[in-house]
Amino acid sequence: SFSRSSANLVAPLGCLVSRQKHTLPDLPYDYGALEPHINAEIMQLHHSKHHATYVNNLNVAEEKYKEALAKGDVTAQVSLQPALKFNGGGHINHTIFWTNLSPNGGGEPKGELMEAIKRDFGSFANFKEKLTAVSVGVQGSGWGWLGYNKEQGRLQIAACANQDPLQGTTGLIPLLGIDVWEHAYYLQYKNVRPDYLKAIWNVINWENISSRYASCKK
């Protein structure tokens, strides 16, 4: 009967939605740690204001979505999806981004990741040039990504608009994300995005990216 099957559905959904609220992750370094490449003022605003806003708005959208689910209001569920995608993506992307950067970063990756980069892009220099070009070329706001294509077992470069999360929109597993929203660089580099992109390679955390690569190959 209808009522029995819908009751069965409600229980697991209830478990799903009584979860903890999302929180802003701590940075693994001080706001000024990435200077001179990314200054403290940018990092502070970017983390404590921009990322915090995505977290807060995601929690609000999830709360409303929970109510819409409970009411069986599909129209409301659909209308909330852009807010979930934007703020959820913003939270996912920045959470990855902070760990992709390090005061001890820069240089080149080693081991398996380096082998894969050479295999899939010909050389590290070629890969760096490609990812930079894709990131420079993002129109308006968005991200440049190095991702892993699990089906094909290879690395791939992609650009995403706005806060579209890489895996949720392309299926690629995110390894390295470069934020090219103006709030990520404008205070320091003004409108010259290529200068910011040149500088960011000095703080790329290859250890973090290598461990991401290792874990998605398991």
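Because the structure is a prediction, the values reported are computed rather than measured. Numbers for residues simply follow the sequence, beginning at 1. Scope of the values below: all heavy atoms of this structure, side chains included, with no hydrogens, waters or symmetry mates.
Applying the under-4.5 Å side-chain rule to Ile, Leu, Val, Met, Phe, Trp and Tyr, the cluster around V74 extends to V78.
The shortest non-hydrogen separation linking P103 to L34 is N-CD2, 3.5 Å. The heavy-atom pair separating Y213 from R119 by the smallest distance is OH-NH2, 4.2 Å. Of all heavy-atom pairs between G32 and A40, the closest is CA-CB, 3.6 Å. Considering every non-hydrogen atom in both L172 and G147, the closest pair reads CB-CA, 4.3 Å. When all heavy atoms are compared, the tightest approach of A61 to A83 is CB-CB, 4.2 Å.
Judged purely by atom type and a 3.5 angstrom limit, N149 has no side-chain atom pairing as donor or acceptor with the backbone of R154.
Remark: D164 engages K85 in a salt bridge (charged side-chain N to carboxylate O under 4.0 Å, His left out) (not counting sequence neighbours).
Between H91 and H22, the ring planes lie perpendicular to each other; the angle is over 60°, past the 30° to 60° tilted range.
Using a 4.5 Å cut-off on side-chain heavy atoms (C-beta onward), H46 and H94 make contact.
Remark: E67 CD is packed, more than 12 non-hydrogen atoms of other residues, nucleotides or ligands lying under 6.0 Å away. Atom CD of Q152 is surrounded by more than 12 heavy atoms from other residues, nucleotides or ligands within 6.0 Å. For CD of Q81, the number of neighbouring non-hydrogen atoms (other residues, nucleotides, ligands) closer than 6.0 Å is greater than 12. In K150, the NZ atom is crowded: over 12 heavy atoms of neighbouring residues, nucleotides or ligands sit closer than 6.0 Å.
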(message) Show, in sequence, the C-alpha distance, side-chain angles and deciding distance for K128 and E108, and conclude whether the salt bridge (Lys or Arg N to Asp or Glu O under 4.0 Å) test is met.
(response) CA-CA 10 Å; K128 190 171 161 180; E108 299 184 0; over 6 Å; no
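Residues Y54 and Q163 have side chains that bring a donor and an acceptor to within less than 3.5 angstrom of each other. Judged purely by distance below 3.5 Å, without hydrogens or angles, the side chains of W201 and T132 pair a donor atom with an acceptor atom.
The distance between the ring centers of F97 and W181 does not fall below 6.0 angstrom.
Note: the hydrophobic cluster containing I92 does not contain L80 (ILVMFWY, side chain heavy atoms under 4.5 Å, direct or indirect links).
Of the candidates E62, K64, E63, K66 forms a side chain to side chain contact (heavy atoms under 4.5 Å, CB included) with just one, namely E63.
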